[in-house]
Protein chains: 2
Amino acid sequence: MNKVFKALNDETRRSILHLLREKSMNAGQIAEQFDMSKPSISHHLDLLYQAELVTKAKKGQFIHYSINTTVLEDLFEWLITLKK
Amino acid sequence: MNKVFKALNDETRRSILHLLREKSMNAGQIAEQFDMSKPSISHHLDLLYQAELVTKAKKGQFIHYSINTTVLEDLFEWLITLKK
DNA sequence: AAGTTATTTAGACATTTATCTAAATACTTA
DNA sequence: TAAGTATTTAGATAAATGTCTAAATAACTT
């Protein structure tokens with residue numbers, strides 16, 4: 001869960017998750033949505049990937065990113081036990 | 001929500017929340033549970049307080065901390081919209 | 001009032017983080 | 001195979017973070 005909380009502790013990464021909730025996208029398409037360099041977005045995508053909040057799949061020269069809600073379930077559980 | 005994610009992005013602070021879920025405690029009682037200096041715990045409590053994840057009340061020379069689940073509701077909402 | 005206890009504030013330091021530019025890698029197409 | 005496109009990796013830098021010790025503040029006790 002450490003990596004999940006770490007990944008969520010950034011506004012850009014949270015925005016990326018909201019984008020991917022609407023539809024899966026290439027790294028480039030994601031980067032277009034932000035006023036930030038591509039390497040920076042790539043770095044954010046990597047942290048989301050390490051936390052398993054997104055999956056990625058190579059499609060030719062593109063890399064397609066999708067949200068992975070499995071880990072969000074775990075976060076739900078964590079919150080529930082905290083609320084009792 | 002920024003402060004909430006920031007506050008939750010630390011194992012010590014998450015542990016403090018779990019302790020407070022069981023029962024409210026003084027700053028000193030909380031500090032006893034950790035192998036860390038009191039000023040460090042005080043700092044963690046302050047971040048939790050800034051995020052409104054805990055409330056505090058002065059009781060004589062003690063300061064009593066309690067968990068505040070209101071903000072956790074907001075986090076729930078955030079998660080739900082992300083899962084659609 | 002003086003001493004003791006509970007907690008926070010201040011200041012320092014090492015580590016982590018977010019960002020950038022430049023370069024490298026991987027794939028596609030002419 | 002050479003050129004172009006998509007993405008990541010490397011390396012640098014400034015800012016934020018977690019931790020500590022020492023000192024300050026506040027309240028209780030004798």
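Lettering of chains follows the sequences in order, A, B, ..., and the numbering in each one begins at 1.
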Report summary line: Rounded to whole Å, the NE2-P distance (H64(B) to dT7(C)) equals 10 Å
Query raised in the report: Reckon K58(A) has a side-chain N or O less than 4.0 Å from the OP1 or OP2 of dC27(C)?
Result: yes
Query - T12(B) and S15(B) side chains, donor-acceptor separation under 3.5 Å - result: no
**Report entry** Among dA18(C), dA22(C), dT7(C), the nucleotide that comes nearest once only the side chain of P39(A) is considered
**Finding:** dA22(C)
Query - Distance in angstrom units between M36(A) CE and dT7(D) P, rounded - result: 17 Å
Query raised in the report: If you find the nucleotide of DNA chain C closest to R13(A) and the one closest to F62(A), which residue's nucleotide is nearer the 5' end?
Result: R13(A)
Query - Interatomic distance where CD belongs to Q29(B) and P belongs to dT7(C) [whole Å] - result: 8 Å
Requested in this report: Please report, rounded to the nearest Å, how far the P atom of dT17(D) is from the CD atom of Q50(B).
Outcome: 10 Å
Report task. Measure the distance from CG on D10(B) to P on dT16(C) and round it to the nearest whole Å. Result -> 13 Å
Query raised in the report: Side-chain N or O of Y65(A) less than 4.0 angstrom from OP1 or OP2 on dA6(D)?
Result: no
Query raised in the report: For F76(A), is the NZ or CZ atom of K83(B) found under 6.0 angstrom from the centre of its six-membered ring and inside 45 degrees of the ring axis?
Result: yes
Requested in this report: On DNA chain D, check which nucleotide each of N9(A) and A27(A) is closest to and give me the residue with the more 5' one.
Outcome: A27(A)
Query raised in the report: Hey, is the side chain of S42(B) poking within less than 4.0 Å of OP1 or OP2 on dT7(C), counting only N and O atoms?
Result: no
**Report entry** Which atom of F34(B) lies closest to which atom of L19(B), heavy atoms considered
**Finding:** CE1-CD1, 3.7 Å
Query - dT17(C) phosphate, OP1 or OP2, under 4.0 Å from K6(A) side-chain N/O - result: yes
Query raised in the report: What integer distance in Å separates I63(A):CD1 from dT28(C):P?
Result: 12 Å
**Report entry** Atom-pair distance (CD1 on I16(A); C1' on dT19(C)), nearest Å
**Finding:** 14 Å
Requested in this report: Could you check whether D46(B) gets within reach of a base, just the sugar-phosphate, or nothing at all, counting any heavy atom under 4.0 Å?
Outcome: nothing
Query raised in the report: At their closest point, which heavy atom of L17(B) faces which heavy atom of L53(B), and how far apart are they?
Result: CD2-O, 4.0 Å
Query raised in the report: Taking OP1 and OP2 of dC20(D), is either one under 4.0 Å from a side-chain nitrogen or oxygen of S37(B)?
Result: yes
**Report entry** Check: dT5(D) base within 3.5 Å donor-acceptor of Q61(A) side chain
**Finding:** yes
Query - Test side chain to side chain contact (heavy atoms under 4.5 Å, CB included) applied to V4(A) and D74(A), step by step - result: CA-CA 10 Å; V4(A) 176; D74(A) 298 341; over 6 Å; no
Query raised in the report: Across the strands shown, which category fits I41(A) at heavy-atom distances under 4.0 angstrom: base, sugar-phosphate, nothing?
Result: nothing
Query raised in the report: Would you say a side-chain N or O of H44(A) is under 4.0 Å from OP1 or OP2 of dT19(C)?
Result: yes
**Report entry** dA18(C) phosphate, OP1 or OP2, under 4.0 Å from S40(A) side-chain N/O
**Finding:** no
**Report entry** Nearest-angstrom distance from the residue atom CG of N26(A) to P of dT8(D)
**Finding:** 10 Å
Query raised in the report: Does the N68(B) side chain pair with the main chain of E52(B), one donor and one acceptor, at a distance under 3.5 Å?
Result: yes
